[in-house]
Amino acid sequence: MGFEIPEGESLTGFVLAASRDLLDPNFSQTLVYIAEHGPEGTLGLVMNRPLDKKLGEVAVSSDLPKALQQIPVFQGGPVKANALLFARFQRGKNDEQLLCQIVANPQELVELPKHEWVRAFAGHSGWSAGQLERELSEGAWLVCRPHRAMLEDSVPNALWEAFVGKDQRWRKLQSLLPKNTGLN
């Protein structure tokens, strides 16, 4: 469920959940992590559209290090949809704080600390200066706190619904669930 952000405050680190009325096929039922937001515009990454492929399956280069071959690839948005963008995510102080770093050189991702996640995105989402603020005022998006559930190996199908629904108890219960529910 969304909440209000004071005017002029950066949305970096928050998630935009597409409203039920947003019918644009690029963003219908999406969760977009805001990696950068400022006066010049906004860069976001769609977190709930996995392509069900690993980087090793889509990479053009055959000399991709083994550590990078298993990185999941997502449809990041309609901007530069044929280009790969890499992002490193870290958990913040709690499950509702995720920090993101866009990584230009994938070689930097070969050795990662234990509690970091890496995603490759085919394209990204982008808004020019003032465009996102206009869409927010029109009710196209709900501003939400992120949750590490977006970074699970298998993104739950109902994740968007959980973010836009009124019942947010799942956020507190998520940490009590087994790490790999597919094994139960």
Side-chain angles (χ1 to χ4, degrees), residues 1-19 22 24-51 55 58-59 68 71-113 115-152 155 159-160 162-164 171:
M1 184 158 202
F3 59 93
E4 294 292 321
I5 295 285
E7 190 173 330
E9 187 174 322
S10 175
L11 294 174
T12 300
F14 286 95
V15 171
L16 300 179
S19 75
L22 184 58
D24 178 342
N26 292 306
F27 296 109
S28 178
Q29 297 188 358
T30 58
L31 298 172
V32 181
Y33 180 90
I34 301 300
E36 297 175 11
H37 177 244
E40 301 83 32
T42 306
L43 183 139
L45 304 166
V46 176
M47 300 298 292
N48 63 329
R49 287 203 176 153
L51 294 177
L55 186 58
V58 300
L68 300 179
I71 293 175
V73 181
F74 287 73
Q75 179 184 356
V79 180
K80 296 185 180 177
N82 293 326
L84 284 178
L85 184 143
F86 296 92
R88 175 187 315 173
F89 292 91
Q90 294 175 296
R91 184 174 179 240
K93 298 173 191 162
N94 58 52
D95 284 344
E96 292 187 339
Q97 185 181 29
L98 294 176
L99 309 172
C100 175
Q101 177 187 14
I102 303 298
V103 179
N105 180 2
Q107 295 297 329
E108 294 176 24
L109 304 171
V110 172
E111 293 183 33
L112 288 176
H115 298 290
E116 290 190 6
W117 297 267
V118 175
R119 298 288 183 263
F121 294 92
H124 65 277
S125 304
W127 292 265
S128 60
Q131 182 183 3
L132 178 57
E133 289 75 9
R134 188 171 45 258
E135 290 181 17
L136 287 167
S137 72
E138 294 168 354
W141 301 98
L142 300 171
V143 178
C144 304
R145 288 182 177 84
H147 196 281
R148 70 178 178 87
M150 297 184 314
L151 298 169
E152 296 295 328
V155 178
L159 192 58
W160 171 80
F163 269 78
V164 298
R171 288 178 174 272

Next on the checklist: I'd like to check the salt bridge (charged side-chain N to carboxylate O under 4.0 Å, His left out) partners of R134; sequence neighbours left out, ordered by chain and number.
Outcome noted: none
Next on the checklist: With a 4.5 Å cut-off on side-chain heavy atoms, are L51 and V58 touching?
Outcome noted: no
Item to check | Nearest heavy atoms of P72 and V118, plus distance in Å | outcome: CD-O, 3.8 Å
Next on the checklist: Test of understanding: with ring-ring contact (aromatic ring centres under 6.0 Å, His included), list the residues that count as partners of F74, not counting sequence neighbours.
Outcome noted: F121
Item to check | Residues which pass salt bridge (charged side-chain N to carboxylate O under 4.0 Å, His left out) with E133, listed by chain and number, not counting sequence neighbours | outcome: none
Next on the checklist: Tell me every residue that passes side chain to side chain donor-acceptor pair (under 3.5 Å) with S128, counting only those two or more places apart in sequence or in another chain.
Outcome noted: Q131
Item to check | Contact check, side chains of V15 and M47, non-hydrogen atoms, under 4.5 Å | outcome: no
Checklist outcome for this item: By side chain to side chain contact (heavy atoms under 4.5 Å, CB included), Q29 pairs with (sequence neighbours left out) W160
Checklist entry - Where the side chain of Y33 meets the backbone of M150, is there a donor-acceptor pair that is under 3.5 Å apart? => result no
Checklist outcome for this item: CG (L43) and CG (L132) are apart, to the nearest 0.5 Å, by 11.5 Å
Checklist outcome for this item: residues 118-127 vs side chain to side chain donor-acceptor pair (under 3.5 Å), sequence neighbours excluded, gives W127-E135
Checklist entry - Do the side chains of W141 and T30 get nearer than 4.5 Å, heavy atoms only? => result yes
Item to check | Atom of E108, atom of V103 and distance for their closest heavy-atom approach | outcome: OE1-CG1, 3.7 Å
Checklist entry - Closest approach of A17 and V164, non-hydrogen atoms and distance? => result CB-CG1, 3.6 Å
Quiz: residues 78-85 side-chain donor-acceptor pairs under 3.5 angstrom, not counting sequence neighbours:
none

Checklist entry - Rounded to the nearest 0.5 Å, how far does CD1 of I34 lie from SG of C144? => result 11.0 Å
Checklist entry - What's the verdict on side chain to side chain contact (heavy atoms under 4.5 Å, CB included) for F89 and L45, showing C-alpha distance, side-chain angles and the deciding distance? => result CA-CA 12 Å; F89 292 91; L45 304 166; 4.2 Å; yes
Checklist entry - Could you give the distance from CZ (F86) to CD (Q101), rounded to the nearest 0.5 Å? => result 13.5 Å
Next on the checklist: Are F27 and L16 packed together at the side-chain level, in the sense that at least one heavy-atom pair is separated by less than 4.5 angstrom?
Outcome noted: no
Next on the checklist: Using every non-hydrogen atom in the two residues, find where V73 and A122 come nearest and quote the distance to one decimal.
Outcome noted: CG1-N, 4.5 Å
Checklist entry - How many angstroms lie between CG in N48 and CG in L31, if you round to the nearest 0.5 Å? => result 4.0 Å
Checklist entry - Going from NE2 on H147 to CD on Q97, what distance comes out if it is rounded to the nearest 0.5 angstrom? => result 12.5 Å
Item to check | Those residues that, when tested against S28, pass side chain to side chain donor-acceptor pair (under 3.5 Å) (two or more places apart) | outcome: none
Item to check | Partner set under side chain to side chain contact (heavy atoms under 4.5 Å, CB included) for E116, not counting sequence neighbours | outcome: R88, Q90, L112, P113
Checklist entry - So which heavy atom on I102 is nearest to which on A35, and how close? => result CD1-CB, 4.0 Å
Next on the checklist: Keeping T42 on the side-chain end and H37 on the backbone end, is there a donor-acceptor pair under 3.5 Å?
Outcome noted: no
